[in-house]
Chemist: 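Okay, here's the structure, questions in a sec.
The chain is numbered in sequence order, starting from 1.
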Amino acid sequence: MRFAPVLRAAVIGFSVLASACRGAAAENASQSGNDIEMPGVDTREFTSREKHEFSQYVREFPSPCPAVAVPLAQCVLERRPCRTCLRAAIAVAKAVREGMTQEQVRRIYKERFDATSKRLIPNDASPSRGPETAPVVLVEFADFECPFCQHIAPQLDALWERRKEAVRFIFKFMPLSVHPHGELAARAAIAALRQGKFWEMHRQLFASGGRLEQSDLEAYAKALGLDISRFRMDMESPATKALLDADRKLADDLGVRGTPTVFINGREYDAKLQMDTWVDDEIAAAGASEAGAAP
């Protein structure tokens, strides 16, 4: 998710995957002249055009589960063993109802449901909070001087607080060259991390209103009860530089170009979607999987 006004062009292509032998439900879904109605997906208030658009998408988009190589419509109608199919169809219906363009719908589907869009993001020495075994891992790349990061920080804190037993929140440092105090603030946060006060410093830095001079950072450290001599040394240590360099390289590898950028279970979040809903869907899916619920 990039909140800064820098948009990444999305090149999205879907191939329709279909089995050779199909059931009656799938045969009906493949008839381009018929709009599709799915159990569990409310399209009663859709216009004729919206119903047609929705039907086109669910015929075209592949199932989110690589092992279920059929179109989304067939996956839902035949109750194939992919618990994500119904959630994906509901998300498509919501996007259509909100008037998103075809490009937007396709991009969002690829980012959230296409198996090829999921990325492996190592934690390494990054600060984190929440259970290591949490079903949802939220990773944020951020710059403490970025006004967009400052704006969303309380919202991310609130999201995690309400779901702290099910969400692990990992922070990655991405100070941008356009922000003269970004790296200095990141170094201060890492120095606080060395003394077990990262999240306290994290909140203070984002709430500082841009007051990020060295004297400001040391005042925050004192208020948190940190050892100032050690704080200064840790700000300049090779280990601090190594952590910053590692996060920068990871951001480059992932194609992150703006802050804040958020990943939910390895998928880049799009601001057009409701983050709370996405996270809750991931929690629910994990719960259903553990309980062995029907797809």
Chemist: Report yes or no: does Glu50 contribute a side-chain atom to a donor-acceptor pair with the main-chain N or O of Thr47 at less than 3.5 Å?
Modeler: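 Such a contact is found between Glu50 side chain and Thr47 backbone.
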Chemist: Looking at Leu72 and Cys85, what are the two nearest heavy atoms and their distance?
Modeler: CD1-O, 3.4 Å
Chemist: Between Arg248 and Asp245, does any side-chain N to carboxylate O distance fall below 4.0 Å?
Modeler: yes
Chemist: Is a side-chain N or O of Ser63 found less than 3.5 angstrom from the main chain of Cys75, in a donor-acceptor match?
Modeler: no
Chemist: Could you grab the distance from atom CZ of Arg187 to atom CZ of Phe231, nearest 0.5 Å is fine?
Modeler: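 One gets 11.5 Å once the value is rounded to the nearest 0.5 Å.
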Chemist: Kindly assign one of parallel, tilted or perpendicular to the pair Phe198 and Phe173, based on the angle between their ring planes and the thresholds 30° and 60°.
Modeler: perpendicular
Chemist: Please answer whether the main-chain N or O of Arg194 pairs with a side-chain N or O of Arg230 as donor and acceptor at a distance below 3.5 Å.
Modeler: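 A pair under 3.5 Å: yes.
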Chemist: Using 30° and 60° as the class limits, which term best fits the ring planes of Phe46 and Phe54: parallel, tilted or perpendicular?
Modeler: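 Rings of Phe46 and Phe54: perpendicular, over 60°.
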Chemist: Taking all atoms of both residues into account, what is the closest heavy-atom pair of Asp234 and Ser237, and its distance?
Modeler: O-OG, 3.2 Å
Chemist: Per the side chain to side chain donor-acceptor pair (under 3.5 Å) rule, which among Thr277, Thr84, Asn265 passes with Glu282?
Modeler: Asn265
Chemist: Any donor-acceptor pair under 3.5 Å linking the side chain of Ser117 with the backbone of Lys110?
Modeler: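 Pair found, side chain donor or acceptor close to backbone of Lys110.
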Chemist: Is the closest side-chain donor-acceptor distance between Gln204 and Glu200 under 3.5 Å?
Modeler: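 Not at all, the side chains of Gln204 and Glu200 share no donor-acceptor pair under 3.5 Å.
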Chemist: Do side-chain atoms of Arg97 reach the backbone of Glu45 as a donor and acceptor pair under 3.5 angstrom?
Modeler: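 Side chain of Arg97 to backbone of Glu45: a pair is present.
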Chemist: Is there a donor-acceptor contact under 3.5 Å linking the side chains of Ser128 and Arg168?
Modeler: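 Yes, a side-chain donor-acceptor pair sits under 3.5 Å.
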Chemist: Shortest non-hydrogen contact from Ala186 to Leu244?
Modeler: CB-CD2, 3.8 Å
Chemist: What about Phe206 and Phe144, are their ring centers closer than 6.0 Å?
Modeler: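 Yes.
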Chemist: Just by modelled atom types, is the Pro175 backbone N or O under 3.5 Å from a matching donor or acceptor in the Glu183 side chain?
Modeler: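 Checked: no pair found.
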